[in-house]
Amino acid sequence: MSTSVRRNGALDKAYTLIEALPWLARFHGATVVIKYGGNAMTEEHLREKFAADVVFLRYAGLRPVIVHGGGPQIQTHLDLLGIDSHFVSGLRVTTPEAMQVVRMVLVGQVNRDVVGLINRHGPFAVGMSGEDAHLFTAERKHAVVDGVKVDIGQVGEIVHVEPGAVRALLDDGRIPVVSSIARGEDGVYNVNADTAAAALAVALEASKLIVLTDVEGLYADWPNSEEVVSRITASELARLLPSLSSGMVPKMEACLNAVRGGVPQAHVLDGRMPHALLLEIFTDQGIGTMVQPDDADVENGEAPDER
C-alpha cells in the first residue's frame, strides 16, 4: 500500500473522529436506554457488532442501559414444548404454563447471551430481571377487541419503576442488561420490552431512548412510499399513532411516552444496519426517526443536529 493511500485512509478516520467530537462532549456522562430486539438480536454478526457498540459507548463516557425482549426465542421454545401460543391485538396470550417458558427464556437464556457478548470486551455487563429489587411492578393488562376487554393471561402493564439498583450499577461503571419481566401483587408478568424501556428511561431521567427494530424508521406514507420521517414532534406522532401498523404502534408509543415523561429525545433505528447506535449518536446526520418534545429547541447552544 502506498504512503498516500495509507495517509488518506488515516485522514478519513481522523475526520470521522472530529465529526464525533461535539456529540462526545454533549453526551459524556449521559444515560442512554436501548431497547434491543428484532434481527439485531438473532443474527450473529449483528449481535457481536451491537455488543461492541455498547462497550464503545461505555468507553466514550456514556452510561448505556439495555432492555431486551425475546419474542423469536420464546416462540421457538413454546413450539418445542408443544405449548399453544397466539396473539390478541398484538399481545401474546400468556398462560401460567407459557409464562414459565417466557421467564426461563428471557432471564435464563437471552439475558445471559447478551451479558456474555458484552463481557467479551471486559467486566461491564450485569444481567437482571425486572423482578429484581422491584425494578418493574405491573398490573394485569387486558386486550380490547371490538370495544370489549379480553383476558390475555399474565401480560402486564408497568405501573411503577424502582430504578435504584440500575442507578447503582451505572454508578459502578457497569452496563445493566434488563429482561422485560415484571413483578405483580398476584404473580409475575410478561411486559412489552418497548414499554419497559420507555418506563425505565423516564425513571432514570435518561438523555435518550433508542429503540432498535426491523425497519428503517417511521415511514411517511407506508406502503406508498419508503421515505423515512427524520424528525417528528410528540403531538404530531400522537395524531399519527392510530394510523400506524400494529407492529410499529408499541415502538412509537414507547417513544411518545418517553418524550412526554421528560426524555429529551427518542429514536427508532434499523437494528439490521451494522453500528446503527454509533451512527445515530455520533454523526451529524443521524439515522432513523427522532421524536422530540413539542417545545424542543435545537438552537439552544447544544451540538447541531443537521437531520
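Note that this is a predicted model, so its numbers are computed, not measured.
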Open item on the list: Using every non-hydrogen atom in the two residues, find where Phe87 and Gln75 come nearest and quote the distance to one decimal.
Closed with: CE1-OE1, 4.4 Å

Open item on the list: Less than 4.5 Å apart, side chain to side chain, heavy atoms only: is that true for Val115 and Ile175?
Closed with: no

Open item on the list: I'd like to know if Val263 and Ile281 are part of one continuous hydrophobic network [Ile/Leu/Val/Met/Phe/Trp/Tyr, side-chain heavy atoms within less than 4.5 Å].
Closed with: no

Open item on the list: Applying side chain to side chain donor-acceptor pair (under 3.5 Å) to Glu280 and His267, what does each step give before you reach the verdict?
Closed with: CA-CA 9 Å; Glu280 172 50 49; His267 306 257; 3.2 Å; yes

Open item on the list: Let me check something: do Leu241 and Val229 share a hydrophobic cluster, defined by ILVMFWY side-chain heavy atoms less than 4.5 Å apart, either directly or through other members?
Closed with: yes

Task: Closest approach of Ala206 to Pro264 (non-hydrogen atoms, all atoms of both residues) - done: O-CD, 3.4 Å

- [ ] Start with the C-alpha gap between Gln73 and Leu106, add the side-chain angles, then the distance that decides, and say whether side chain to side chain contact (heavy atoms under 4.5 Å, CB included) holds.
- [x] CA-CA 8 Å; Gln73 294 91 335; Leu106 291 185; over 6 Å; no

Open item on the list: Strictly distance-based, threshold 3.5 Å: is any side-chain N or O of Arg103 a donor or acceptor partner for the main-chain N or O of Gly108?
Closed with: no

Open item on the list: Side chains of Asp113 and Met41, heavy atoms from C-beta outward: is any pair under 4.5 Å?
Closed with: no

Open item on the list: Does atom CD (Glu44) have a neighbourhood of more than 12 heavy atoms from anything else shown, all under 6.0 Å?
Closed with: yes

Open item on the list: So, taking the atom named CE in Met273 and the one named CG in Leu278, what distance separates them when rounded to the nearest 0.5 Å?
Closed with: 12.0 Å

- [ ] Examine Val202 and Leu170 and state if one hydrophobic cluster contains both, with Ile, Leu, Val, Met, Phe, Trp and Tyr joined whenever side-chain heavy atoms are less than 4.5 Å apart.
- [x] no

- [ ] Give the cluster check for Leu81 versus Leu78: same hydrophobic cluster or not, with ILVMFWY residues linked at side-chain heavy-atom distances below 4.5 Å.
- [x] yes

Open item on the list: Using the rule given for side chain to side chain contact (heavy atoms under 4.5 Å, CB included), can you reason through Leu200 versus Phe136, listing the C-alpha separation, both sets of side-chain angles and the distance that settles it, and then say yes or no?
Closed with: CA-CA 9 Å; Leu200 185 54; Phe136 296 140; 4.2 Å; yes

TODO: Assess whether atom CD of Glu48 is packed by more than 12 heavy atoms of other residues, nucleotides or ligands within 6.0 Å.
DONE: yes

TODO: Quick one: pull up CD in Glu139 and CD in Glu157 and give me the separation to the nearest 0.5 Å.
DONE: 9.0 Å

- [ ] Identify the residue among Val228, Leu218, Thr213, Leu212 that makes a side-chain contact (heavy atoms from CB on, under 4.5 Å) with Val268.
- [x] Thr213

Task: Any side-chain heavy-atom pair of Leu244 and Glu253 under 4.5 Å - done: no

Open item on the list: Can you tell me if Glu236 has over 12 outside heavy atoms packed within less than 6.0 Å of its CD?
Closed with: yes

- [ ] Give the minimum heavy-atom separation between Ala125 and Val177, together with the two atoms involved.
- [x] CB-CG2, 4.0 Å

Open item on the list: Under 4.5 Å between side-chain heavy atoms, counting indirect links through other Ile/Leu/Val/Met/Phe/Trp/Tyr residues: same cluster for Val259 and Leu240 or not?
Closed with: yes

Task: Main-chain N/O of Val188 paired to Gln154 side chain as donor or acceptor, under 3.5 Å - done: yes

Task: Phe124 and Tyr59 aromatic ring geometry - parallel, tilted or perpendicular at 30°/60° bounds - done: perpendicular

Open item on the list: Restricting to non-hydrogen atoms, name the atom on Gly130 and the atom on Val178 that form the minimum distance, rounded to 0.1 Å.
Closed with: N-CG1, 4.2 Å

Task: Nearest-0.5 Å distance that lies between atom NZ in Lys35 and atom CD1 in Ile210 - done: 13.5 Å

Open item on the list: Is it true that, when you exclude Arg183 itself, more than 12 heavy atoms of the residues, nucleotides or ligands shown sit nearer than 6.0 Å to its CZ?
Closed with: yes

TODO: Grab the two heavy atoms, one from Val191 and one from Gly156, that are nearest each other, plus how far apart they are.
DONE: CG1-O, 3.4 Å

Task: Heavy-atom side-chain contact between Glu216 and Ile287 under 4.5 Å - done: no

- [ ] Would you indicate whether the side-chain heavy atoms of His121 and Arg58 approach each other to under 4.5 Å?
- [x] no

Open item on the list: I need the Asp132 CG to Ile181 CD1 distance, nearest 0.5 Å.
Closed with: 11.0 Å

TODO: Give the minimum heavy-atom separation between Phe282 and Ala60, together with the two atoms involved.
DONE: CZ-CB, 4.1 Å

Task: Gap between atom CG of Asp270 and atom CG of Asp214 - 0.5 Å precision - done: 7.0 Å

Task: Side chain to side chain, Asn192 and Lys141, heavy atoms closer than 4.5 Å - done: no

TODO: Kindly indicate whether the side chain of Ile152, heavy atoms from C-beta on, has any atom under 4.5 Å from the side chain of His142.
DONE: no

Task: Lys/Arg N to Asp/Glu carboxylate O, Arg272 vs Glu43, below 4.0 Å - done: no

Task: His160 NE2 to His134 NE2 distance, which is reported to the nearest 0.5 Å - done: 9.5 Å

Task: Pair Ser179-His68, side-chain donor/acceptor within less than 3.5 Å - done: yes

Task: Evaluation steps, side chain to side chain contact (heavy atoms under 4.5 Å, CB included), between Leu135 and Val161 - done: CA-CA 5 Å; Leu135 176 57; Val161 180; 4.2 Å; yes

- [ ] In sequence, state the C-alpha distance, the side-chain angles, and the governing distance for Thr31 and Glu205, and then conclude on side chain to side chain contact (heavy atoms under 4.5 Å, CB included).
- [x] CA-CA 8 Å; Thr31 299; Glu205 299 178 321; over 6 Å; no

Open item on the list: Less than 4.5 Å apart, side chain to side chain, heavy atoms only: is that true for Val55 and Arg120?
Closed with: no

